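What you are looking at is a predicted structure, and each value in this text was computed from that prediction instead of being measured.
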Amino acid sequence: MIHFKAIGKIMGALLMILALLMLPGVGFAYYYESGDQTPLLYSAFASFAIGATLFFSFSNQDQNIRKREGYLIVSLSWLFMSIFGMLPYLISGVVDNLPDAIFETVSGLTTTGATILTDIEATPKGILFWRSMTQWIGGLGIIVLTVAIFPLLGIGGIELFVAESPGPTSDKLHPRIRETAKRLWFVYIGLTVAVGVLYYVEGMNFYDAVNHALTTMATGGFSTKNDSMAYFSPIIQYTAIFFMFLSGTNFTLIYFGLTGRFKRVWHSDEFKAYVIALVIFLILLVGPVWYYSAEGFEKAFRDTLFQITSLITTTGYVTSDYTAYHSGLTLIFFMFLFLGASAGSTSGGIKFVRHLTFFKNSWLEFKRIVHPRAVVPLKINGDRVTGKIITHIMNFLLIYLMIFVVGSIVISLMGYDILTSFGAVATSLGNVGPAIGRVGPEDNFAFFDPFSKIFLSFLMLLGRLELFTILVLFTPYFWRAN
C-alpha cells in the first residue's frame with residue numbers, strides 16, 4: 001500500500017520552498033523594472049497557498065517512506081515543480097503558450113540549459129533571475145534540501161536521497177542522511193557564493209554575477225547574455241572553467257578536499273578518469289581547433305578547454321561555435337554529450353563511473369575467456385563491484401542507448417533532419433544544452449513543434465532522474481500490492 005498522505009505532505013513542503021525561492025526575483029524585478037513584480041508575487045502566492053494546504057492537511061503519523069514511495073515522491077516532485085515553476089513565464093507573458101513554458105521550466109530544473117527564448121537580453125530581469133534560480137534548485141536537488149531542513153516531517157529520508165542523488169555512488173559524509181544532505185548543501189552554497197564574488201571582482205555587474213554563479217554551480221548553462229560566456233572577458237571564462245570542473249566533481253570528494261582529506265580524493269578511480277580524460281581531450285583537440293579556427297593560440301586553447309569542460313560537465317555554456325570548425329571535430333564534440341562528469345555531482349549525462357565500470361569489465365572479460373575457471377573480480381576504488389551493480393550499469397547503458405535511438409526516430413518523424421534529431425535528443429537526455437544540427441551553440445529550440453517540445457521535456461526529466469526513477473512507475477511491478 002502506497003502512503004499517499006506522506007506523499008501529499010512532502011509535495012506541500014516542496015511547493016512552499018519553491019514559493020520562497022521565487023521571492024528573491026521580486027527584488028530584482030523591483031529594482032530593474034520599477035514595479036513589475038506581480039508575476040513572481042502571484043506565482044509565489046499560488047505555490048505557497050497550495051503547498052501549505054497540502055502540508056497542513058496531513059499529519060505526521062504513519063509516514064514510513066519505503067523505496068516505492070521514494071521513487072514516486074521524487075517523480076511527482078519534479079512534475080509539481082515544473083507545473084508551478086512555469087507560472088512566472090506565463091503570467092508575465094514572456095512565454096505565451098504551455099509547451100514553451102513547460103520546456104523552459106523543465107530545461108531549467110533539470111539543468112539542461114536548452115531554451116526557447118530568442119532574445120534573452122530582452123527578458124525582464126526578475127523573470128531571468130527566476131530562470132537562473134530554477135537551475136540552481138535543480139542542481140543538487142530540492143529533495144536533498146527538503147530532507148536537510150524538514151526533519152519535522154518525521155521521515156528518515158534515505159529513500160528520497162537515493163532516488164534523487166545523481167549517479168551510482170555509495171560515498172557518505174555522515175551516517176545520518178540528513179547531516180549528509182546538510183553538508184552537501186553547505187558546500188554547494190559556499191561554492192556558489194565564491195564563484196559569484198569572483199565573477200563580480202573580475203568585471204561582471206552584480207546582477208550578471210549572481211545569475212551566472214547560480215547556473216555555473218548547477219552546471220546548467222543559462223546565461224543573461226545572448227552570446228553566453230563569449231560576452232565576457234577571458235579571465236571570467238577561465239574562472240568558469242575551473243568552477244564547471246568543480247561542479248562536475250563528486251561533491252563528497254569536494255567536501256573531503258575542503259577538509260584536508262586529499263588521499264580520499266585521489267583514491268577515487270572516477271575522479272582520476274575524469275581529470276585524465278579532460279587532459280587527453282585538450283591535448284588532442286587544441287591543435288585542430290587552433291588550425292581550423294584561425295584564432296591565436298591562447299584563444300584556441302581557451303575555447304577548446306572551455307567547450308570540453310562545458311560539454312562533459314553538461315553545463316552548456318559556449319564561447320565559440322564548435323560546429324563551425326570541421327565535421328570531424330563536430331562529431332567529437334557531439335560524443336561528449338554522452339559522457340557526463342562524476343556521479344554525485346550536479347552534472348547530467350551517463351557519468352564517468354558507469355563508463356569506467358563498462359570498460360574495466362569489458363577488458364576483464366578477455367581474461368575470463370582465457371581463464372574460464374578463474375575468479376576475476378572488478379574493482380572500483382579498491383572495492384569489489386558486485387554482479388548486481390554491474391548488471392544495473394549495463395542495463396542503464398543499454399536502456400539509455402535505446403531511448404536515444406527511439407527518441408531520435410520520434411523527432412525525425414516530426415519532420416526534422418537527422419542531425420537535429422540526434423542533437424536534440426542527445427542534449428535533452430544528457431541535460432547538456434547545445435548540440436549539433438539546428439540546435440547548435442548559436443541556436444535555440446524555439447522552432448520545434450509543441451509535441452516535440454513536450455517530448456524533449458520528458459527526456460530531460462528521464463535524464464535528470466537517471467531513467468529508472470521514472471521508468472519504474474510504468475511497470476506493473478511498482479503498482480502491485482506487497
Side-chain angles (χ1 to χ4, degrees), residues 13-52 77 80-95 101 104-111 113 115 117 120-121 123-146 148-150 182 185-200 204-225 243 247 346:
L14 288 171
L15 289 182
M16 287 192 291
I17 294 174
L18 193 71
L20 294 176
L21 292 173
M22 289 180 182
L23 296 180
V26 175
F28 286 106
Y30 178 80
Y31 182 81
Y32 288 102
E33 274 89 43
S34 301
D36 188 19
Q37 310 96 40
T38 52
L40 285 166
L41 284 174
Y42 288 164
S43 301
F45 177 78
S47 301
F48 193 88
I50 295 175
S77 70
F80 271 60
M81 287 191 295
S82 299
I83 292 173
F84 287 87
M86 70 181 178
L87 292 180
Y89 296 115
L90 292 172
I91 296 175
S92 66
V94 169
V95 177
E104 196 72 16
T105 307
V106 172
S107 179
L109 290 170
T110 59
T111 72
T115 183
L117 299 180
I120 295 170
E121 293 175 32
T123 304
K125 293 293 194 295
I127 300 301
L128 210 56
F129 177 81
W130 170 242
R131 182 172 174 263
S132 300
M133 178 62 79
T134 58
Q135 293 203 322
W136 194 77
I137 293 169
L140 204 58
I142 197 170
I143 296 291
V144 180
L145 174 63
T146 305
I149 68 174
F150 268 78
K182 278 184 178 180
W185 266 94
F186 286 150
V187 172
Y188 189 55
I189 293 171
L191 290 177
T192 302
V193 173
V195 67
V197 170
L198 284 175
Y199 282 153
Y200 182 74
M204 282 190 185
N205 62 43
F206 179 77
Y207 179 79
D208 288 341
V210 171
N211 277 269
H212 286 89
L214 296 176
T215 59
T216 299
M217 286 312 303
T219 60
F222 275 161
S223 176
T224 58
K225 303 298 181 183
F243 279 91
S247 300
T346 60

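Between Ser47 and Leu87 the shortest heavy-atom distance is OG-CD1, 4.4 Å. Taking every heavy atom of both residues into account, Asp208 and Lys225 meet most closely at OD2-CE, 3.3 Å. For the pair Ile127 and Pro39, the tightest heavy-atom approach, listed with the atom from each and the gap, is CD1-CB, 4.3 Å. Among all heavy-atom pairs drawn from Phe84 and Met22, the shortest one is O-CE, 3.5 Å. For Thr105 against Ser82, the heavy-atom pair with the smallest separation is CG2-O, 3.5 Å. Annotation for Ala213 and Thr192: closest pair CB-O, 3.5 Å, computed over non-hydrogen atoms.
Side-chain atoms of Thr123 come within 3.5 Å of backbone N or O of Ile120 as a donor-acceptor pair.
Aromatic ring centres of Tyr31 and Tyr207 lie farther apart than the 6.0 Å criterion allows.
Scored by the side-chain hydrogen bond (donor to acceptor under 3.5 Å, both in side chains) test, Gln135 finds no partners at all (sequence neighbours excluded). For Tyr89, the side-chain hydrogen bond (donor to acceptor under 3.5 Å, both in side chains) test picks out no residue, with sequence neighbours left out.
Here CE of Met86 is found 10.0 Å from CD1 of Ile91. Values are rounded to the nearest 0.5 Å. Atom OH of Tyr30 sits about 7.5 Å away from atom CD of Gln37, to the nearest 0.5 Å. Between the CD1 atom of Ile50 and the CZ atom of Phe45 there is a distance of 9.5 Å, given to the nearest 0.5 Å. Here the straight-line distance linking atom CG of Leu23 with atom CE of Met133 works out to 10.0 Å at 0.5 Å rounding. With rounding to the nearest 0.5 angstrom, the OG1 atom of Thr110 is 10.0 Å from the CE atom of Met81. Taking CG of Asn211 as the reference point, atom CE of Met204 lies at 9.5 Å (rounded to 0.5 Å).
Side-chain contact check for Ser247 and Thr346: no donor-acceptor pair (N or O, by modelled atom type) lies under 3.5 Å.
Considering Phe129, Trp130, Phe222, Trp185 as possible partners of Trp136, the one that fulfils the ring-ring contact (aromatic ring centres under 6.0 Å, His included) test is Trp185.
Using a 4.5 Å heavy-atom threshold, the side chains of Leu18 and Ile137 count as touching. Looking at Arg131 and Val94, their side chains never come closer than 4.5 Å, going by heavy atoms from C-beta outward.
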